[in-house]
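Quantities reported herein were computed from a predicted structural model and do not represent experimental measurements. Residue numbers start at 1 and run along the sequence shown. Worth knowing before you read on, the calculation uses all heavy atoms, side chains too, and leaves out hydrogens, waters and symmetry mates. Ligands are counted one by one from 1 in listed order, and the atoms in each one are counted from 1 as well.
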Amino acid sequence: MHALIAVLAGDGIGAEVTAEAVRALGAVGKRFGHDFRFESALLGGAAIDATGEALPQATLALCRRADAVLMGAVGGPKWSDPNAEVRPEQGLLQLRKALGLFANLRPVAPHPAVLGASPIKAELLRGVDIMVVRELTGGIYFGAKHRTATEASDLCSYTAAEIERVVRLAARLARGRRKKLTSIDKANVMETSRLWRLVVERVMSAEYPDVSYEHMLVDAAAMHLIRKPRDFDVIVTENMFGDILTDEASMLAGSLGMLPSASLGESARGGLYEPIHGSAPDIAGRGIANPYATILSAALLLRHSLSLEAEARAVETAVSKAVDCGALPADIAAAGSAAISTRAAGDAVLAAL
Ligand code: IPM
Ligand code: MG
């Protein structure tokens, strides 16, 4: 297969972690006889510095042309002045919106060898296998914003159609797994959540009678994720709740550095794949960031945008083997034991491939 993959390293550790994911894709392409071409473009703070815009036209054009997009991370203290005209994060949000990527899949399945890296007791973590589906192009992230010196507002709004499409996608995923969907909202307070609940009920009873579903309030869900994480199969939730709950859920997997994501639209082609972690400016440029979340995002890219399931599994198995062999970067290495570099972690994956 021929495929064009756009690579947007972004800021901070983005360049270091995407480099390892590109190496893994190159290796798997070679092994399975595919021709993957990579083209890079600027996004976020790096793009602001070079062009004044967080999402330059050339970057968007490349992403539209590409079969899939691999992204590192955006943001950093250099661009985080509250009065800044343009922010790195806007580039990412515009890109998600422009590509119509309304569903963000964030799988959470702790690797047995790193249970000790989690602050949560290992016995609660064994067997956890959650797929969080976060709505990605609506809600408070994209509503009207307004600020004066003394007052500010962010509008949260959803249409029934926006809720329907993400619920359908989550329900289809649940159908292929343990057939349980948990929809998370704040229906005791928010109108958007009450609409969300009604749409979930309508879609699930009419179209997915074979998938069981429940509603859960977001505050209770935040607690339940730590208390009984094995209870969850597929979670579907709105944009901001999904953002917050997945950083929390990353602790089940030991570290933010282990969680990949796939952002999908109506068509599988052109999806965006990125680790859920940020640009980690505190460790950027030191070659110690954990590249596994980005390499695992590359596996999701193979699976969802290129329909290369065997290749996706090969990458996931390679990461799993690397971790089993003790190739652990600082964020998941046991206290007092030696941590390996970003490059060495990438090497361990290549060796396993
Ligand atoms: C994420 C990030 C982004 C988000 C930021 C960088 C805008 O936190 O992908 O989870 O809030 O969506
Ligand atoms: Mg986030």
Note to self: Under 4.0 Å from a heavy atom of E89: which atoms of ligand 1 are those, numbered in the order shown and with their elements?
What the structure shows: 6 (C), 7 (C)

Check: What atoms of ligand 1 come closer than 4.0 angstrom to any heavy atom of R106?
Finding: 1 (C), 9 (O), 10 (O)

Notebook entry, point to check: When you look at CD of E151, are more than 12 heavy atoms from neighbouring residues, nucleotides or ligands closer to it than 6.0 Å?
Noted result: yes

Checklist line | From H224, M131, R178, K180, residue fulfilling side chain to side chain contact (heavy atoms under 4.5 Å, CB included) relative to F232 | finding: H224

Check: To the nearest 0.1 Å, how far is atom 11 (O) of ligand 1 from its closest protein heavy atom, and which atom is that?
Finding: Y141 OH, 2.6 Å

Next item on the list: Would you mind telling me if ligand 1 is within reach of the side chain of R134, the backbone, both or neither, using heavy atoms under 4.0 Å?
Entry: side chain

Item checked: NZ/K186: more than 12 non-hydrogen atoms of other groups inside 6.0 Å -> yes

Item checked: Options R96, M240, H277, ranked by nearest heavy atom to atom 9 (O) of ligand 1, top entry -> R96

Margin query: Working to the nearest 0.5 angstrom, can you tell me the gap between S261 OG and L101 CG?
Written below: 10.0 Å

Note to self: Rounded to the nearest 0.5 Å, what separates atom CD in E39 from atom CG in L62?
What the structure shows: 5.0 Å

Item checked: atom 8 (O) of ligand 1: nearest protein contact (heavy atom, Å) -> D243 OD1, 3.3 Å

Notebook entry, point to check: What distance separates T246 OG1 from L252 CG, expressed to the nearest 0.5 Å?
Noted result: 11.0 Å

Item checked: Neighbour count above 12 (heavy atom, 6.0 Å) for R313 CZ -> no

Check: With respect to L259, which candidate in S250, P275, S297 satisfies the side chain to side chain contact (heavy atoms under 4.5 Å, CB included) definition?
Finding: S250

Next item on the list: Tell me the protein N, O or S atoms under 2.8 Å from the Mg ion (ligand 2), in chain and number order.
Entry: D243 OD1

Next item on the list: Output yes when D233 and K179 qualify as a salt bridge under the 4.0 Å nitrogen-oxygen rule, no when they do not.
Entry: no

